[in-house]
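Input: a single structure, listed below in structure tokens.
Computed from a predicted structure; not experimentally measured.
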Amino acid sequence: MRPHRNDGRGDAPDISRIGFGAAGAPLISLEKRAMSRRPLIFLLASNTISITGNVFTMLAVPWFVLETTGSTTRTGLAAFASMLPVIISATFAGTLVDRLGLRRSSVLSDLMSGLIVAAIPTLFLTTGLSYGLMLALLFVRWLLATPGDTAREAMIPDLAERGRVSMERATAAYDSVYRSAQMAGAALGGVLIAWLGPTALLFVDGATFLSSALLVHFGVPQFVHETSEPGVGRYLHGLKEGMSFLWHDRLQRWAVAMILVSNLLDIGLSQVLLPTYARDVLHDSRAFGLLLGAVGAGSVVGSIIYGAVGARLPRRMTFAVCFLIGAIPRPLVLAVGAPFWIAVVITFVAGLAAGAINPLLGVMQFERIPARLRARVLGAITAGAYAGMPLGGLLAGSLADIIDLKATLLLFTLIYLLASMPPFLSRAWQEFDRAKPSSGAAPKQDADDQREEIEHK
């Protein structure tokens, strides 16, 4: 196909831009297809910027606290004030996101997060900033940021359908940019701290959220999923409805339990066991960075590969094998004392397999969750998946002190193995291979990209 050109034929159609389907109906032109996919691209760009801002906060705040207080204890409390509200907000804010609308929630979340982040260095440089006030600001900042993350994720199915993108590719693209933003944000944030200092980086962080809000406001349509069911507008009823939906879906309940255990172990592995291994076994801090970089790079590549071929793969076995490979080799290769270069290669392969996990779960969730419940159910899933993360570091550190590093790595390997078994053994996971369209999902688009109940403001 070639682009449209004016070659003196007046208004005659350029047949090079038109294809025909099996029934003889003209297919969508490249230009129209690109236009229909533009909102999805805007959303992915917005999420990239917002996640980068989150990483900036995670880097700048600890450094800022250490520079201003010199206390590691207070730095740890700041980290706790950043983690707890994510779980609280994910649990209770999804219903509000569904009521406000996905685009509006994303924009408001980013705007308020940006203002609060910028307020921290502003107060410090002007009237002064007490440690207690800073903790309160951090708590509110992460309380407000999580609904935006949930809203952007919940928009994926509508935008994928609008752009005629398969759900496998859409969820893989979302996960790829998420992981890429985390990797790039960490590297860029470290450079900016050294160059500008943590105070200036917090101003940059605030600007990233403003940019994200503008991209969503001007580039993404508002999808409205109305319902005639009584009482859905009431908050408590909506919250109960979302929780009840998740609890009665066996497959998603199993998935949340698996990811809860995996996230708990991942936090302990990455924040405690890997740096301990690098310090006590290899005596080189660079090894810690290389191992984290290997799994991160592998995950990005794995997400991209899944986006390309995932629609042709059996879902249950792909998820089961990828979860197994993505979990077990990482602690095991360190526990058996393999040469470091082998550990890096195996860690990369584990990341490669892990890259397919989130896109697969996204496809399953978007097929099974009704559109009108999407944000509140996704919020409940996030809360459940994150619930064990604050304990991961404590568990790993305590075990390493009690039974030593190698025994802890072997124990983590065993727990990973047990957590990987449900897709192989549970009958509920057979549903993973059968698409289950959600009731209340948005209707199909017609050929002119007209969609009922879409309001683009």
Could you report the tightest heavy-atom contact between [X] and [Y], atom names first, then the distance?
| X | Y | result |
| --- | --- | --- |
| Pro359 | Tyr306 | CB-CD2, 3.5 Å |
| Ala380 | Met243 | CB-SD, 3.8 Å |
| Gln365 | Leu378 | OE1-CD2, 3.6 Å |
| Phe209 | Asp110 | CB-O, 3.2 Å |
| Ala338 | Tyr277 | O-OH, 4.2 Å |
| Phe139 | Pro85 | O-CB, 3.4 Å |

For the residue pair [X] and [Y], establish whether any side-chain heavy-atom pair is separated by less than 4.5 Å.
| X | Y | result |
| --- | --- | --- |
| Phe56 | Leu202 | no |
| Val165 | Leu159 | no |
| Tyr178 | Ser303 | no |
| Ile369 | Ile381 | yes |
| Arg250 | Ser426 | no |

- Item | Passing candidate, side-chain contact (heavy atoms from CB on, under 4.5 Å) with Leu137, options Leu133, Leu135, Val140 |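 Exactly one pass, corresponding to Leu133.
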- Message: For a ring-ring contact (aromatic ring centres under 6.0 Å, His included) check, start with the C-alpha distance between Trp429 and Phe424, then their side-chain angles and the critical distance, and finish with the verdict.
- Response: CA-CA 8 Å; Trp429 282 89; Phe424 294 102; 9.8 Å; no
State the [atom1]-[atom2] distance between [X] and [Y], to the nearest 0.5 angstrom.
| X | Y | atom1 | atom2 | value |
| --- | --- | --- | --- | --- |
| Leu334 | Leu405 | CG | CG | 8.0 Å |
| Ile51 | Asp149 | CD1 | CG | 4.5 Å |
| Leu269 | Phe412 | CG | CZ | 7.0 Å |
| Leu251 | Leu361 | CG | CG | 9.0 Å |
| Glu431 | Glu367 | CD | CD | 12.0 Å |
| Met155 | Leu43 | CE | CG | 5.0 Å |

- Message: Can you tell me if Arg169 has over 12 outside heavy atoms packed within less than 6.0 Å of its CZ?
- Response: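 Open: at most 12 neighbouring heavy atoms sit under 6.0 Å from CZ of Arg169.
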- Message: Within a 6.0 Å radius of atom CZ on Phe348, are there more than 12 heavy atoms belonging to other residues, nucleotides or ligands?
- Response: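 Atom CZ in Phe348 is crowded, with more than 12 foreign heavy atoms closer than 6.0 Å.
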Can we say [X] and [Y] salt-bridge, meaning some charged N sits less than 4.0 Å from an Asp/Glu carboxylate O?
| X | Y | answer |
| --- | --- | --- |
| Arg374 | Glu153 | no |
| Arg376 | Asp98 | yes |
| Glu168 | Arg312 | no |
| Asp175 | Arg179 | yes |

Using only atom types and a distance under 3.5 Å, with no angle test, would you say the side chain of [X] pairs donor to acceptor with the backbone of [Y]?
| X | Y | answer |
| --- | --- | --- |
| Ser244 | Lys240 | no |
| Thr347 | Ala343 | yes |
| Thr408 | Leu399 | yes |
| Ser105 | Gly101 | yes |
| Ser106 | Leu102 | no |
| Arg141 | Val117 | no |
| His217 | Ala213 | no |

- Check step by step if salt bridge (charged side-chain N to carboxylate O under 4.0 Å, His left out) holds for Arg162 and Asp158. CA-CA 6 Å; Arg162 190 180 197 272; Asp158 293 314; over 6 Å; no
- Message: Checking Tyr416 against Asp266: is there a side-chain donor and acceptor pair closer than 3.5 Å?
- Response: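 Yes, Tyr416 and Asp266 have a side-chain donor paired with an acceptor closer than 3.5 Å.
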- Message: Side chains of Ser46 and Arg152: any donor to acceptor distance under 3.5 Å?
- Response: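 Side chains of Arg152 and Ser46: no pair found under 3.5 Å.
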